There are 2 protein chains.
Amino acid sequence: MVGTTESGPPGTSAWWAAHAERLERRRPRVDGLTIERIVDEALALVDGEGLDALTVRGLAARFDTSSATLYRHVASRDELLVLLVEQVLGEIRLPDPSLAGRTKVLELSTEFRRVLLAHPNVVDALRAAPLNGPNAVRCADAGLANLLDAGYPPDLAIPAYLAMIDYVLGSVFFRSAGGDPQPFPPAPEGAPTLEANWSEVAESESEKVFAFGLEMFLTGLDRLTGR
Amino acid sequence: MVGTTESGPPGTSAWWAAHAERLERRRPRVDGLTIERIVDEALALVDGEGLDALTVRGLAARFDTSSATLYRHVASRDELLVLLVEQVLGEIRLPDPSLAGRTKVLELSTEFRRVLLAHPNVVDALRAAPLNGPNAVRCADAGLANLLDAGYPPDLAIPAYLAMIDYVLGSVFFRSAGGDPQPFPPAPEGAPTLEANWSEVAESESEKVFAFGLEMFLTGLDRLTGR
DNA sequence: ACCTGAACACCGTTCAAGT
DNA sequence: ACCTGAACACCGTTCAAGT
């Protein structure tokens, strides 16, 4: 991308600041492309065909143009991933502030998971770069605030916060980018315990498993804090 | 790979059966290559340079040969990923059977996580194909057996089992393939709650966070089962 | 100043031609 | 029968040459 001022790698705070400036300074282009249109199209492409299908060439083709032309709007494929993630995180609706803390904790976790499952092919991009976009920061702050609001002391709320983020990500892992429909659990041949419980294991709904795990976790927290 | 009998996609039970047969039928090759040597080298490559660096051409180069030659031993890059995953899962040591059930649950989860963190670049390959290899099946069966052995009834043990696998995977997500060193949490600019707790958040050890989450989860299970 | 065809250094995979 | 150079259809990214 010609004329880009140095701003560090995509996704860093410095890059986000420079990005905001670029958006303000921009003038109309003859090709009619904007970052917004490009990211929208990229998300449609990734949702439909997977993260690997997001190639600069392929995306350019959707606009009937060449990769070189796209590079006048986006500095790299990595930058595209950063913008894609921020766009998806923007779909997360924070719980009503007036709700009880524990309810907000449950709701935000479930909402985070819902949005990731709405865009499973984007999940891998979450770790491609730092998560310093406005939407990421907004959600990250709310997550910790909710736990504190629920009354858990900081020395429990903080590890609980970090553990819950891991849990949400793990709960979508096998259904995310490039994932086989059912990689796990394995066929139970040669696995006596799995075989004996196979119908219950195979029929488990991931939604219910997630809610169960979340509830167990919070119940443990409650017991530890004497509730 | 010439002469491969049809056996379904890599990672399926049918494929594993055919794979075992192939290993038995094989005769020495003039190039001196074996699947074992290829997988060992692939793992070294992935551990050192990431999953994306595992290219058929690049791997062939490590044996001073061409990609076409490698394709006489391995049918596809996907097959390589399946074998890589199985190799890594083979490093998981199951807990001593004589230990208490709850202890075994904690130990196996921690061991699973340890092995994944020893090969963070392999983690993504876990969902590339079904997990029906002998090592995967062995570990999967032990995981459920341990929970039942701990005394949790099947209708709790099964969702607990599935939730715990998700949790382990989530706990390594941000440190796995292609992951930035520290993508999360974000820099706390504009995030008042994160900012107020920043030193505690930033200094959290992922090992401790993981153990905390696991303990909370099992404590919740204990309470639900009246313990 | 802005745009882009063509090139560079890569991919996974196949197969005809060699031994 | 076994092996592999060369090709096919792709990548991300750059830049000289055009307008």
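From a predicted model like this one, the values you see are computed outputs, not experimental measurements.
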- Report the distance from atom SG of A/Cys139 to atom CD of A/Glu111, rounding to the nearest 0.5 Å. 8.5 Å

- Task: Would you please name every residue forming a side-chain hydrogen bond (donor to acceptor under 3.5 Å, both in side chains) with B/Asp40, sequence neighbours left out?
- Result: B/Gln87

- Check A/Thr110, A/Val115, A/Leu116 against A/Phe112 for a side chain to side chain contact (heavy atoms under 4.5 Å, CB included) and give me the one that passes. A/Leu116

- Pairwise 5' ranking along DNA chain D for B/Asp31 and A/Ala53, keeping only the more 5' one: B/Asp31

- 4.5 Å side-chain heavy-atom contact, B/Trp15 and B/Val82: yes

- Nearest whole angstrom, please: distance from the P of D/dG5 to the CG of B/Leu70. 13 Å

- May I have the step-by-step check of salt bridge (Lys or Arg N to Asp or Glu O under 4.0 Å) for B/Arg127 and B/Asp124, ending in yes or no? CA-CA 6 Å; B/Arg127 71 194 155 177; B/Asp124 269 7; 3.2 Å; yes

- Which residues pass the side-chain contact (heavy atoms from CB on, under 4.5 Å) test with B/Pro185, sequence neighbours left out? B/Trp198, B/Val201

- Message: Quick check against the 3.5 Å criterion: does B/Asn121 have a side-chain atom that pairs as donor or acceptor with the backbone of B/Val46?
- Response: yes

- Query: For A/Leu126, which of A/Leu84, A/Val172, A/Leu169 qualifies under side chain to side chain contact (heavy atoms under 4.5 Å, CB included)?
  - Reply: A/Leu169

- Length of the CZ-P vector between A/Arg77 and D/dG12, whole Å: 6 Å

- Residues at least two apart in sequence or cross-chain that pass side-chain contact (heavy atoms from CB on, under 4.5 Å) with B/Ala68, listed by chain then number, are B/Ser66

- Separation of atom NE2 in B/His73 from atom P in D/dC2, rounded to whole Å: 11 Å

- How long is the line joining CZ of B/Arg72 and C1' of C/dT13, in whole Å? 14 Å

- Task: Taking atom CD of B/Glu36 as the centre, report whether more than 12 heavy atoms of other residues, nucleotides or ligands fall under 6.0 Å from it.
- Result: yes

- So which of residues 57-69 of chain B are in contact with DNA chain C, with a heavy-atom cut-off of under 4.0 Å? B/Arg57, B/Ser67, B/Ala68

- Task: Scan residues 35-49 of chain A against DNA chain D and write down, sorted by residue number, each residue with any heavy atom closer than 4.0 Å; if none is found, say none.
- Result: none

- Note on the structure: To the nearest angstrom, the CZ-C1' distance between B/Arg26 and D/dC2 comes to 17 Å

- Query: If pairs are Watson-Crick or G-U with both distances under 3.5 Å, what is the dot-bracket string of DNA chain C, marking crossing pairs with [ ] and pairs to another strand with |?
  - Reply: ||.|||||...|||||.||

- Task: In whole angstrom, give the distance that lies between atom CZ of A/Arg25 and atom P of C/dC2.
- Result: 14 Å

- Round to the nearest Å and state the distance from B/Arg29 atom CZ to C/dT19 atom C1'. 16 Å

- Task: Take atom OH of B/Tyr71 and atom C1' of D/dA7, then tell me their distance rounded to the nearest Å.
- Result: 14 Å

- Task: Under 4.0 Å between any heavy atoms, over every strand shown, what does B/Leu54 touch: base, sugar-phosphate, or nothing? Just pick one.
- Result: sugar-phosphate

- Hey, are A/Arg114 and A/Glu91 close enough for a salt bridge, meaning a charged N less than 4.0 Å from a carboxylate O? no

